[in-house]
Amino acid sequence: MNPTPIEHHRRHLAEWLAERALDHQLAEPPVPSTSAPPLRYDGAQSAPRPGGIHLARPSGPAWGPVYVLVLEIAESGVLVVPFGRYATPAVPGEWHSGIDAAPLRVLCGWNSRAVAAARLLPGAVKRVGVKALAEHRLLCEAVGAGVPPAAHLAERLGPPLVHPADPRYAYLDEERERLDDHFPVVREQDDSATPSRWLLAAEGRPRYGSGHGL
Amino acid sequence: MVEEDKNDGGGGAMTRAEDWRAWKKACAADLCPAETAASLRRFGAVRFAGCVRRAGYASLTTRDPWHLVETYSQVNRTRAGKRYKDWLFARTEGMVGDWAACVEGGVSLLMRSAVREFLRCEHAPLFMVSLDQPIGNGSFSLADLLPEPADRRGDVEDGEIETLAARMADTMALSLSRTDLVLLWARTHGISFADPKVAKMTRQGKTMLYARFQEVVESVSRTLREELPREDAGVMRDLLMKTVMQLGVMARTKLFSGKPALSLL
């Protein structure tokens with residue numbers, strides 16, 4: 001008998017939580033570093049193209065490699081969606097990439113952004129096909145808008161995030177910080193109480209009061 | 001003292017710069033000069049041992065830990081698929097100190113991920129979490145985080161739960177601090193605890209805020225259970241979420257009433 005959707009989500013969330021707990025156990029205490037973050041960026045590199053998977057230039061000693069998929073080249077920069085660190089999508093804003101390689105299994109649409117090409121290491125590590133790229137674009141758009149994608153794509157998304165004290169919120173902040181460190185965002189002075197679009201995208205809700213979860 | 005202990009927590013590099021340069025040119029340690037391959041394998045074994053010890057599996061071994069980190073990190077078998085080596089070398093740009101130690105630091109990060117994956121695949125029982133087992137340090141379980149849709153009603157109508165949630169929130173709001181109100185507002189309105197607005201309003205870091213919010217939600221849950229000790233678990237889960245939502249709406253009013261300049265959604 002096939003599992004019900006909620007059983008399916010619970011199994012994936014259990015796997016994700018266990019992997020997350022393991023990750024915390026494996027973390028070494030931070031060691032004071034005598035090194036400065038690498039900030040040299042040479043201009044000589046091949047231009048990224050849609051469908052290419054690139055490594056971000058390293059940012060300080062704390063983070064492991066960050067892989068991103070180039071969705072398109074826009075005026076504002078290279079629109080990329082980062083790959084996550086774990087084997088299972090954590091939230092409705094993440095999905096299975098369909099790629100077997102361990103560092104490339106999950107895409108985090110909620111954390112997508114336009115970046116400067118100079119922030120990527122030259123040369124793609126791999127390319128995804130035209131059909132796969134089109135699916136990732138559809139998923140990224142759906143996640144950004146907070147609308148459900150087509151059913152066959154929705155199966156790839158992570159489990160719902162509905163409980164106010166869910167530990168995945170801390171993970172989302174950590175992932176946001178990881179990407180911000182690699183691709184600094186210019187923040188405008190903002191005293192308004194508007195919600196963070198990225199957090200709503202991660203939760204899978206378009207805006208407050210939509211009836212989704214909380 | 002065993003070798004792994006000597007090399008935890010810093011100190012000099014175990015490897016030489018030329019080992020890493022030879023390895024970058026070659027496809028894998030297997031194709032490097034024997035001395036280099038031995039040096040990398042020794043380093044891999046020490047880092048692997050450190051990782052499994054931290055995870056509580058001190059006696060766990062694998063035939064070739066260095067091979068583990070290489071196979072985990074490569075995206076495919078082509079040269080392009082091994083560009084993580086470029087990342088390792090780029091990571092040393094601008095760094096001061098022992099160059100080989102900088103590379104080792106990067107490989108240690110890769111080893112951590114490789115060991116996590118190794119344990120994930122080899123120790124599946126780790127990933128069996130029972131439905132009602134509390135998760136982490138909190139008091140909520142998988143069944144709380146992802147409630148069964150059918151559970152959420154029982155014999156009680158949605159409207160009844162809404163009314164009850166509003167009544168309970170009215171009472172509970174009286175005992176909440178300003179920090180609690182900010183956290184309830186933020187969580188129910190899609191605003192991260194790491195948001196500078198939240199930091200400014202609470203004057204606390206996000207680690208403290210996460211801990212405090214867990215206490216607030218657990219306190220709401222406890223109060224609800226005390227008030228309705230015989231109620232069905234599914235109804236209680238729904239009631240908790242609706243009560244927190246009500247508290248979030250009340251918090252927004254308390255925090256921002258009389259400030260029309262604030263754009264609230």
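Order of the sequence lines fixes the chain letters, A, B, ..., with proteins taken first and strands second; residue numbering starts at 1 for each chain.
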Let's test your reading of the structure: which of [options] forms the most heavy-atom pairs below 4.5 Å with chain A?
{"options": "Thr207(B), Leu131(B), Val115(B), Val216(B)", "answer": "Leu131(B)"}
{"options": "Asp86(B), Asp144(B), Thr71(B)", "answer": "Asp144(B)"}
{"options": "Gly81(B), Ser108(B), Ala194(B)", "answer": "Ala194(B)"}
{"options": "Phe140(B), Tyr72(B), Tyr84(B), Phe193(B)", "answer": "Phe140(B)"}

Is it the backbone or the side chain of [X] that comes under 4.5 Å from a heavy atom of chain A, or both, or neither?
{"X": "Lys82(B)", "answer": "neither"}
{"X": "Leu88(B)", "answer": "neither"}
{"X": "Ala186(B)", "answer": "neither"}
{"X": "Leu146(B)", "answer": "both"}
{"X": "Val75(B)", "answer": "both"}
{"X": "Leu110(B)", "answer": "side chain"}
{"X": "Ser192(B)", "answer": "both"}
{"X": "Leu184(B)", "answer": "neither"}

Checking [X] against chain B: side chain, backbone, both or neither under 4.5 Å from a heavy atom?
{"X": "Glu7(A)", "result": "neither"}
{"X": "Ala202(A)", "result": "neither"}
{"X": "Arg197(A)", "result": "neither"}
{"X": "Trp63(A)", "result": "backbone"}
{"X": "Leu26(A)", "result": "both"}
{"X": "Arg127(A)", "result": "neither"}
{"X": "Ala170(A)", "result": "both"}

Looking at every non-hydrogen atom in both residues, tell me the closest pair between [X] and [Y] and how far apart they are.
{"X": "Leu142(B)", "Y": "Arg10(A)", "answer": "CD2-O, 3.6 Å"}
{"X": "Arg120(B)", "Y": "Leu22(A)", "answer": "N-CD2, 4.3 Å"}
{"X": "Leu145(B)", "Y": "Pro167(A)", "answer": "CD1-CD, 3.9 Å"}
{"X": "Gly123(A)", "Y": "Arg83(B)", "answer": "C-NH1, 3.3 Å"}
{"X": "Leu55(A)", "Y": "Trp87(B)", "answer": "CD1-CB, 4.0 Å"}
{"X": "Glu19(A)", "Y": "Arg116(B)", "answer": "OE2-NE, 3.2 Å"}

If we define contacts as heavy-atom pairs under 4.5 Å, which of Ala21(A), Ala124(A), Pro65(A), Gly64(A) has the most with chain B?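 Going by pairs under 4.5 Å, I would pick Pro65(A).
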
Return the CG to NE2 distance between Leu200(A) and His189(B), rounded to the nearest 0.5 Å.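 Spacing of CG (Leu200(A)) from NE2 (His189(B)) equals 11.0 Å.
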
Rounded at 0.5 Å granularity, tell me how far CZ in Arg20(A) sits from CD1 in Ile135(B).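 One finds 13.0 Å between CZ of Arg20(A) and CD1 of Ile135(B).
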
Beyond-backbone contact of Leu199(A) with Ile191(B), side-chain heavy atoms, under 4.5 angstrom: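 A side-chain contact is absent here, since even the closest heavy-atom pair is not under 4.5 Å.
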
Would the number of heavy atoms belonging to other residues, nucleotides or ligands and lying under 6.0 Å from NE2 of His67(B) be above 12?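 It does not: His67(B) NE2 has 12 such atoms or fewer within range.
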
When you measure from the side chain of Arg187(B) to the backbone of Pro164(A), do you find a donor-acceptor pair of N or O atoms at a distance under 3.5 Å?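 Pair found, side chain donor or acceptor close to backbone of Pro164(A).
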
